[in-house]
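If you scroll down you'll find the structure; I have some questions about it.
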Amino acid sequence: MTTTTDTYLTRIGTLIRDARRHQGLTQSELADVLGTSQSAVARIEQGKQNLSLEMLARVGEKLDSEFVSLGHSGPQHLRIVGGRKLSGSIPVKTSKNAAVGLLCASLLNRGRTTLRNLARIEEVNRIIEVLTSIGVRVRWLPDSNDLEVVPPARLDLAGIDVDAARRTRTVIMFLGPLLAEYDEFRLPYAGGCDLGTRTVEPHLSALRHFGLDVTATHGFYESVVDRSRHPKKAIILTERGDTVTENVLLAAARYEGTTVIRNASPNYMVQDLCFFLQGLGVRIEGIGTTTLTVTGVGQVDTDIEYSPSEDPIEAMSLIAAAVVTGSMITVERVPIEFLEIELATLEEMGLTFDTTEEYLAQNGHTRLVDLTIHPGPLVAPKDKIAPMPFPGLNIDNLPFFALIAAVAEGTTMIHDWVYENRAIYLTELTKVGAQVQLLDPHRVMITGPTPKWRAAEVMCPPALRPGVVVLLAMLAAPGTSVLRNVYVINRGYEDLAERLNALGATIETFRDI
């Protein structure tokens, strides 16, 4: 622990001791109401016990003293001591994007849905808050990352948690499931990362085939369903988007007929959704291709268990962590088919790595490997690096190549043609020493290797992947850096700081007191 942390813990321990005495409780009596031991209470009061915010809130409730207010505790920050090598093995968590899609899909099922091994992240929490507000019973099963979802007989759409819904774009994927049950409904506008304007028109255009008409008024999507309209021909998606494809799949799953979806995304989260829907009795042909043929079912009432596959974007994050710190680490449970272009690009840049034999994810379909990264000099690629729909280089993995380019010999162009302003956030790397030139809102030029990474205090970019890129760059910078307001990272990564610490990093979570 740092001296600063020691001081905070001592101060908090003294406050707890004084509050306990004021209530006339012994250490043993306080331990009993907290469900812990007398020795643990003694350590807390001596400032020798790390305390979570949740534990502080519990102690405050029992002692009628507010040591911390979870609702107004201020943003969370990270303190990073960089310039150290990492080593060891780290498993990849299951996919964030699959998890939120599956949570939306649970609305199709009148039975119990149990989702295994979900990442406990803020994006999942937002969807849980929305589901709970409309009457769905959602609970984490004891001592696990398994989530149980049980719908009510009728959803309370009028009670929807508007604030939670507006903090995530995922709520737009409620359109597909809800149109099967309701002739009219409204959903709040979606939010999420700040990545520029993301049009919803591809969603609305595709769902019109199922009779859905949406008008945007006063911050809500006002939805009306014309049940005389049905898909009479193949639905051609105007963009091969992941969430658009999922939304159409969710609508087609409850349509008692056959729907053909062309220009569909075959990406990892779409495949997980397809496998889940098959478990609900929906027939789907063409999984993993750009043409899906879906034969839906009128009603779904089944108890189902499903575990989404591992997250290729998190896997790429961990690969980038190894590269930027010049470390040899093993990334376990890597969904290899969704990283083949990224790894081929890294090989061209000179990266060496070993992979194990393939094995299957818990979903029984996705191919995994363990991947060991070997440190060594890299060179800039001969061509620009740009994303493409799967099976191309994943758009969410593009920012990590900006970080990797910063340690490669030569100049690399990163072309982020999908988002209007995410490339701008990559210029934050200059604050920790990288040489990044912004050419326009979509392109940056990076010259490496970085002469000298330097510690800095930086406000976390408001977009998930650029935020993680800055965090990983700080691991390479000798000295102590601070990354402020990391909520956006917590949206997509579970316990990232703690897991990197297990590899030898030094990252401390703190809040301003």
Side-chain angles (χ1 to χ4, degrees), residues 75-78 80 82 96-97 121-123 167-169 191-198 242 311-325 342 384-387 393-408 412-448 450 453-477 481-494 496-497 500 507:
Q76 187 181 92
H77 317 301
L78 295 176
I80 301 105
K96 165 187 90 85
N97 289 325
I121 53 176
E122 289 299 321
E123 188 78 350
R167 292 172 72 187
T168 171
R169 284 196 179 90
C193 291
D194 180 9
L195 289 177
T197 303
R198 295 277 298 279
D242 301 325
D311 193 331
I313 317 304
E314 179 175 293
M316 186 68 206
S317 311
L318 300 172
I319 292 168
V323 172
V324 76
T325 59
E342 286 85 338
K384 65 180 179 295
I385 299 180
L393 190 146
N394 194 300
I395 177 62
D396 283 335
N397 279 336
L398 189 67
F400 299 110
F401 278 92
L403 180 64
I404 291 168
V407 299
T412 303
M413 180 190 288
I414 304 291
H415 185 193
D416 190 343
W417 55 267
V418 178
Y419 295 113
E420 286 85 353
N421 57 12
R422 189 170 68 172
I424 294 171
Y425 297 138
L426 296 176
T427 60
E428 292 295 285
L429 288 171
T430 60
K431 294 178 180 176
V432 287
Q435 301 176 98
V436 182
Q437 180 186 2
L438 182 69
L439 302 181
D440 57 47
H442 293 275
R443 299 180 303 156
V444 293
M445 197 78 81
I446 296 148
T447 303
T450 298
W453 293 105
R454 60 176 180 268
E457 182 167 328
V458 180
M459 184 64 69
C460 186
L464 173 57
R465 311 306 171 182
V468 176
V469 162
V470 174
L471 166 60
L472 298 181
M474 288 175 168
L475 291 178
S481 295
V482 172
L483 186 60
R484 293 199 164 270
N485 197 356
V486 294
Y487 171 80
V488 71
I489 294 177
N490 295 333
R491 281 187 58 228
Y493 291 78
E494 180 183 10
L496 181 60
L500 290 171
I507 306 174

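This structure is a prediction, so every number in the text was calculated from the model and none was measured.
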Side-chain contact, heavy-atom cut-off 4.5 Å: V470 with C460?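 They are not in contact (no side-chain heavy atoms under 4.5 Å apart), so the answer is no.
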Would you sort out whether T168 and E123 count as a side chain to side chain donor-acceptor pair (under 3.5 Å), showing the intermediate values? CA-CA 7 Å; T168 171; E123 188 78 350; 2.9 Å; yes
Does some side-chain heavy atom of F401 sit less than 4.5 Å from a side-chain heavy atom of I446?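 In short, these two side chains do not touch, never coming nearer than 4.5 Å.
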Measure from the side-chain N and O atoms of S481 to the backbone N and O of A477, and report whether any donor-acceptor pair falls under 3.5 Å.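 Not a single qualifying donor-acceptor pair exists.
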Criterion side-chain contact (heavy atoms from CB on, under 4.5 Å) on V323 and F400, from CA distance to verdict: CA-CA 10 Å; V323 172; F400 299 110; over 6 Å; no
Return the CG to CZ distance between L426 and R443, rounded to the nearest 0.5 Å.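 L426 atom CG to R443 atom CZ measures 14.0 Å (nearest 0.5 Å).
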Any side-chain donor paired with an acceptor under 3.5 Å for N485 and Q76?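 Their side chains do not contain a donor-acceptor pair, so the 3.5 Å distance test is not met.
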Per the salt bridge (charged side-chain N to carboxylate O under 4.0 Å, His left out) rule, what does the pair list look like for residues 398-408, sequence neighbours excluded?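 Of all non-adjacent pairs touching residues 398-408, none passes salt bridge (charged side-chain N to carboxylate O under 4.0 Å, His left out).
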Can you check side-chain contact (heavy atoms from CB on, under 4.5 Å) on R465 and I395, steps first, answer last? CA-CA 10 Å; R465 311 306 171 182; I395 177 62; over 6 Å; no
Within a strict 4.5 Å, meaning less than it, do heavy atoms of the I414 and T412 side chains meet?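 Yes, side chains in contact.
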Flag side-chain contact, heavy atom, 4.5 Å: L475 against L500: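 Contact flag for L475/L500 side chains = yes.
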Minimum side-chain heavy-atom gap R422-L398 below 4.5 Å: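 Result yes, sub-4.5 Å side-chain heavy-atom pair found.
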Which heavy atom of I121 sits nearest to which heavy atom of G492, and what is that distance?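 The answer is CG2-C, 3.9 Å.
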Using a distance-only test with no angle check, is there a side-chain donor-acceptor pair under 3.5 angstrom linking N397 and E342?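 Yes, a side-chain donor-acceptor pair sits under 3.5 Å.
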Pairing residues for H77 by the side chain to side chain contact (heavy atoms under 4.5 Å, CB included) criterion, not counting sequence neighbours: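 Partners of H77 under the side chain to side chain contact (heavy atoms under 4.5 Å, CB included) test: P75, R484, F510, D512.
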Side chain to side chain, Y493 and S317, heavy atoms closer than 4.5 Å: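 Sidechains of S317 and Y493: in contact.
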I'd like to check the side chain to side chain contact (heavy atoms under 4.5 Å, CB included) partners of A434; sequence neighbours left out, ordered by chain and number.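 Applying side chain to side chain contact (heavy atoms under 4.5 Å, CB included) to A434 gives A406, L429, V436, T450, W453.
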For the residue pair L403 and A320, what are the closest heavy atoms and their distance?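 Looks like CD2-CB, 4.2 Å.
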With a 4.5 Å heavy-atom cut-off, do L464 and I313 have their side chains touching?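 Result no, sub-4.5 Å side-chain heavy-atom pair not found.
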Nearest heavy atoms of A456 and V432, plus distance in Å: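 Looking at all heavy atoms of both residues, the shortest contact is CB-CG1, 4.1 Å.
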Considering all heavy atoms of both residues, which atom of G467 and which atom of P461 are nearest to each other, and what is their separation?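 Result for this residue pair: CA-CD, 3.8 Å.
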How far apart are the closest heavy atoms of A423 and P441, and which atoms are they?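 Of all heavy-atom pairs spanning A423 and P441, the closest is CB-O, 3.5 Å.
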Would V468 and L496 count as a side-chain contact (heavy atoms from CB on, under 4.5 Å) here? Give the steps. CA-CA 9 Å; V468 176; L496 181 60; 4.3 Å; yes
NZ of K384 to CE of M445: how many Å apart, nearest 0.5 Å?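 Here the interatomic distance stands at 11.0 Å.
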N/O donor-acceptor pair under 3.5 Å between Q435 side chain and T447 backbone: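 Confirmed, Q435 side chain pairs with T447 backbone.
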Report yes if the side chains of P387 and W417 come closer than 4.5 Å at any heavy-atom pair, otherwise no.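 Touching, per the 4.5 Å side-chain cut-off.
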Test side-chain contact (heavy atoms from CB on, under 4.5 Å) on K96 and D311 and set out the steps. CA-CA 7 Å; K96 165 187 90 85; D311 193 331; 4.1 Å; yes
